[in-house]
Amino acid sequence: MIHAVEVLAPDSLGEALAMKAAHPDAVPIAGGTDLMVALNFARERPDAILDLTRVAELAQWGFDNGTLRVGAGVSYARIIDELGDRLPGLAMASRTVGSPQIRNRGTVGGNLGTASPAGDGLPPLYVSDAEVELAGVSGTRRVPVAEFVTGPKRQAARDDELIAAFVLPPAAGPQQFAKVGPRNAMVIAVCSLSLAVWPAQRRVAVCLGSAGPTPIRAIEAEDFLAGALEEDGLWDSRAPIGEPAAARFGELVGAAARPIDDVRSTAAYRRHAVAVLARRLLGWAWEEHRCA
Ligand SMILES: Cc1cc2nc3c(=O)[nH]c(=O)nc-3n(C[C@H](O)[C@H](O)[C@H](O)COP(=O)(O)OP(=O)(O)OC[C@H]3O[C@@H](n4cnc5c(N)ncnc54)[C@H](O)[C@@H]3O)c2cc1C
């Protein structure tokens with residue numbers, strides 16, 4: 001039986017929001033790199049699709065009082081090309097997403113919309129305390145990304161809202177991202193790790209990807225490292241981080257994981273791998289900070 005799908009094609013954000021309010025069941029489509037897969041496998045059968053590709057406002061980014069506001073429809077390729085110096089961690093993660101075709105079509109807004117624990121765009125947002133801007137006809141609200149993602153493939157946008165943008169500070173120190181998978185490209189993360197150095201706050205933020213139901217900030221590891229860096233005077237001396245502190249940081253990151261066994265990996269391997277990544281990324285980031 002043929003299933004008719006109504007396609008709504010707004011030309012502006014105002015029009016898109018009005019259409020979403022009038023058709024709350026309409027499923028937004030940006031790059032379509034998640035949604036088209038779901039449609040092809042008949043995992044989703046929407047009666048209406050809201051095509052956001054002509055909404056220019058969603059494809060813009062800019063500064064607002066020193067904070068970056070990046071439209072939900074900015075592709076990974078553009079993040080790499082245009083924002084690589086301001087958001088190096090997100091750009092590193094973007095380089096690992098799919099293939100050139102996927103990076104040209106796929107958006108961070110779509111990654112947020114899907115809210116997969118394996119979404120590579122999410123951990124870099126967590127370590128920057130990014131907020132997700134949700135827009136509806138009745139107004140706009142900003143939600144911290146860790147509150148926006150409520151569970152595996154679950155997020156906090158209401159039926160009458162669209163993800164308009166994400167908002168975050170530009171990097172103030174080194175940022176790193178690494179992903180473990182069976183090959184280097186076109187791979188869903190077995191696990192990933194994002195790390196950002198914030199010298200003014202004297203803090204290193206770290207977030208695990210694909211190692212729990214949502215991305216996970218490893219707060220205990222962050223607190224431990226903040227204490228160790230302070231105690232040893234390393235923010236001022238810029239000396240290397242000692243091996244015991246780096247090892248303990250890795251252990252605490254591993255302990256923060258809430259992984260499962262699935263087709264891609266065992267839970268035990270994920271826990272081990274994020275601990276290794278944590279030590280490695282901390283070493284790279286701290287070395288860059290020392291030499292800056
Ligand atoms: C071959 C292949 C490889 C991939 N590799 C990776 C990878 O390495 N890493 C990774 O993280 N992902 C990967 N993906 C998944 C996908 O590319 C990403 O999740 C991408 O960010 C989705 O963005 P999109 O613009 O294509 O989203 P879409 O498919 O258009 O939408 C995804 C979801 O978000 C919703 N949505 C989109 N925009 C909005 C908006 N503005 N407001 C509200 N809801 C919205 C949609 O309704 C839908 O539910 C891959 C996919 C494929 C097909």
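Note that this is a predicted model, so its numbers are computed, not measured. Counting starts at 1 for both ligands and their atoms, in listed order.
- Only the backbone of T96 comes within contact range of ligand 1, with a heavy atom under 4.0 Å; no side-chain atom does.
- Of all atoms in ligand 1, listed by their number and element, those nearer than 4.0 Å to a heavy atom of K179 are 7 (C), 8 (O).
- Checked against a 3.5 angstrom limit, the closest N/O atoms of I163 and ligand 1 fall inside it.
- In this structure, G32 has a heavy atom closer than 4.0 Å to ligand 1.
- Ion pairing between E243 and R279 holds under the 4.0 Å rule for side-chain N and carboxylate O.
- Residue contact annotation: V187 has a non-hydrogen atom under 4.0 Å from ligand 1.
- Counting heavy atoms closer than 4.0 Å to ligand 1, residue M36 contributes nothing at all.
- In terms of N/O distances under 3.5 Å, ligand 1 is not approached by A72.
- The hydrophobic cluster containing I219 does not contain L208, counting ILVMFWY residues as joined when their side-chain heavy atoms lie under 4.5 angstrom apart, directly or transitively.
- Contact annotation for atom 42 (N) of ligand 1: protein present (non-hydrogen atoms, distance under 4.0 Å).
- Using a cut-off of 4.0 Å between Lys/Arg side-chain N and Asp/Glu carboxylate O, R141 and E133 are scored as not salt-bridged.
- Of the protein's non-hydrogen atoms, A30 CB, 3.7 Å is the one closest to atom 38 (N) of ligand 1.
- Side chains of D51 and T53: a donor on one and an acceptor on the other come within 3.5 Å.
- For atom 19 (O) of ligand 1, the closest non-hydrogen atom on the protein side is D34 OD2, 2.6 Å.
- Ranking protein heavy atoms by distance to atom 46 (C) of ligand 1, first place goes to P28 O, 3.0 Å.
- Within ligand 1, counting atoms from 1 as listed, the ones closer than 4.0 Å to a heavy atom of G119 are 11 (O).
- Atom 12 (N) of ligand 1 has N111 ND2, 4.0 Å as its closest protein atom, hydrogens excluded (heavy atom only).
- Between C191 atom SG and R271 atom CZ the span is 11.5 Å, to the nearest 0.5 Å.
- Between R270 and D262 there is a salt bridge, since at least one side-chain N of the basic residue sits less than 4.0 Å from a carboxylate O of the acidic one.
- Between W61 and F63, the two ring planes are perpendicular [angle over 60°; tilted spans 30° to 60°].
- Below 3.5 Å of separation, one finds an N or O of D120 facing an N or O of ligand 1.
- If you chain together hydrophobic residues whose side chains sit under 4.5 Å apart, V190 and V253 fall into the same group.
- Salt bridge annotation for R103-D81: absent, with no cationic side-chain nitrogen under 4.0 angstrom from a carboxylate oxygen.
- In this structure, atom 26 (O) of ligand 1 lies nearest to the protein heavy atom T33 OG1, 2.6 Å.
- Taking all atoms of both residues into account, the shortest heavy-atom contact from T107 to Y76 is O-OH, 3.5 Å.
- Residue L35 has at least one heavy-atom neighbour below 4.0 Å for each of these atoms of ligand 1: 29 (O).
- If you number the atoms of ligand 1 from 1 as listed, the ones under 4.0 Å from a heavy atom of Y76 come out as 20 (C), 21 (O).
- Under a 4.0 Å criterion applied to the non-hydrogen atoms of L52, ligand 1 contributes the atoms 39 (C), 40 (C), 41 (N).
- Not a single heavy atom of E161 lies less than 4.0 angstrom from ligand 1.
- Short contacts between ligand 1 and V97, defined as distances under 4.0 Å to a heavy atom of the residue, involve ligand atoms 6 (C), 7 (C), 8 (O), 9 (N).
- For ligand 1, the atoms closer than 4.0 angstrom to any heavy atom of T114 are 32 (C), 33 (C), 34 (O).
- Scanning all protein heavy atoms for the shortest distance to atom 31 (O) of ligand 1 gives G110 CA, 4.1 Å.
- Residue G98 places at least one N or O, backbone or side chain, under 3.5 Å from an N or O of ligand 1.
- Nearest protein neighbour of atom 1 (C) of ligand 1, counting heavy atoms only, is M186 CE, 3.6 Å.
- Heavy-atom contacts of V27 reach the following atoms of ligand 1: 47 (O) (cutoff under 4.0 Å).
- A salt bridge links R54 and D11; the closest N-O separation between the charged side-chain nitrogens and carboxylate oxygens is under 4.0 Å.
- Note: the hydrophobic cluster containing M19 does not contain I163 (ILVMFWY, side chain heavy atoms under 4.5 Å, direct or indirect links).
- Polar contact with ligand 1: present for G31 (N/O pair, distance under 3.5 Å).
- The salt bridge (charged side-chain N to carboxylate O under 4.0 Å, His left out) test applied to D129 returns R217, not counting sequence neighbours.
- Here the protein heavy atom with the shortest distance to atom 50 (C) of ligand 1 is I102 CG2, 4.1 Å.
- Of all heavy-atom pairs between P169 and S128, the closest is CD-O, 3.3 Å.
- Counting heavy atoms from C-beta outward, V167 and L68 have side chains that stay 4.5 Å or more apart.
- In this structure, a donor-acceptor pair under 3.5 Å is present between the side chains of T114 and D34.
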